[in-house]
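Both backbone and side-chain heavy atoms feed into the values below; hydrogens, waters and symmetry mates do not.
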Amino acid sequence: VQLQASGGGLVQAGGSLRLSCTGSGFNRGFTFVDYGIGWFRQAPGKEREEVSCISGSADYTTYADSVKGRFTISSDVAKNTVYLQMNSLKSEDTAVYYCAATARYSDLRRSVSYDYWGLGTQVTVSS
């Protein structure tokens, strides 16, 4: 399984960005809806933290407390893509954002639940 994250960039505080995570190369017998997708981020000198996740059927989503009310996760099955709409960005949102996928029935909030990771996309919020 390959994951391609995109959409990062430089934005002023209060601005918005939309990250995309597109999946391909799914395991035999699996389709995009069989995978839970998570967004994680890691800032310099800090541990990786969960941002948001969505189940394959999109009936379950979670958000870290720090992004609730500002970020929205969604999926487009036809495009094999999960989006993370980020509004009202703050300087503390600056980090490399990674998307990850898992076909296991597991806690999507935990990074150890994921088997496949994409390369990160840098988000920089200037104050």
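A donor-acceptor contact closer than 3.5 angstrom is absent between the side chains of N80 and T22. A donor and an acceptor atom, one from each side chain of T81 and S20, are nowhere located under 3.5 Å apart. With hydrogens and angles left out, the side-chain atoms of Y116 and N27 include a donor and acceptor closer than 3.5 Å.
Taking hydrophobic clusters as Ile, Leu, Val, Met, Phe, Trp and Tyr residues chained together by side-chain heavy-atom distances below 4.5 Å, Y60 shares a cluster with F40. Hydrophobic clustering places L19 together with F32 (ILVMFWY residues linked when any side-chain heavy atoms are closer than 4.5 Å, directly or through intermediates). Taking hydrophobic clusters as Ile, Leu, Val, Met, Phe, Trp and Tyr residues chained together by side-chain heavy-atom distances below 4.5 Å, V96 does not share a cluster with V11. Under the 4.5 Å side-chain heavy-atom criterion for grouping Ile, Leu, Val, Met, Phe, Trp and Tyr, I73 is not connected to Y83 through any hydrophobic cluster. Hydrophobic cluster membership is shared by L89 and V51, with clusters built from Ile, Leu, Val, Met, Phe, Trp and Tyr side chains linked at under 4.5 angstrom.
When each of Q42, M86, Q122 is tested with Y97 by the rule side chain to side chain contact (heavy atoms under 4.5 Å, CB included), just one qualifies, namely M86. Just one of R41, R109, R110 meets the salt bridge (charged side-chain N to carboxylate O under 4.0 Å, His left out) condition when paired with E49; it is R41.
One distance of note links OH of Y98 with CG of L3; it measures 13.5 Å at 0.5 Å rounding. Here OG of S57 is found 10.0 Å from CG of D34. Values are rounded to the nearest 0.5 Å. Here the OG-CD1 distance, from S75 to I37, works out to 9.0 Å after rounding to the nearest 0.5 Å. Note: I54 CD1 to C21 SG = 11.0 Å, rounded to the nearest 0.5 Å. In this structure, the separation between CZ on F71 and CG on L84 is 6.0 Å, given to the nearest 0.5 Å. Taken from OG in S66 to CD in E92, the straight-line distance is 8.5 Å, to the nearest 0.5 Å.
Residues S16 and S88 share a closest heavy-atom pair of OG-N, 4.3 Å. Between T62 and S52, the shortest heavy-atom distance links the atoms O-OG, 2.8 Å. Of all heavy-atom pairs spanning S113 and T102, the tightest one is O-OG1, 2.8 Å. Nearest approach of S127 to S91, heavy atoms of both residues: CB-CB, 4.3 Å. A pairwise comparison of heavy atoms in S55 and D59 identifies OG-OD1, 2.8 Å as the closest pair. In terms of heavy-atom proximity, Y114 sits nearest to G36 at CE2-O, 3.8 Å.
Side-chain contact between V125 and K90: absent, with no pair of heavy atoms (C-beta onward) separated by less than 4.5 Å. Side-chain contact between S6 and T121: absent, with no pair of heavy atoms (C-beta onward) separated by less than 4.5 Å.
Looking at K68 and D65, a side-chain N of the basic residue comes within less than 4.0 Å of a carboxylate O on the acidic one, giving a salt bridge.
The environment of L10 atom CG is dense: over 12 non-hydrogen atoms of other residues, nucleotides or ligands sit within 6.0 angstrom.
For R48 and W39, the positive end is not near the middle of the six-membered ring at less than 6.0 Å and at most 45° from its axis.
Although no hydrogens or angles enter the test, the distance criterion places no donor-acceptor pair under 3.5 Å between the side chain of T72 and the main chain of Q85.
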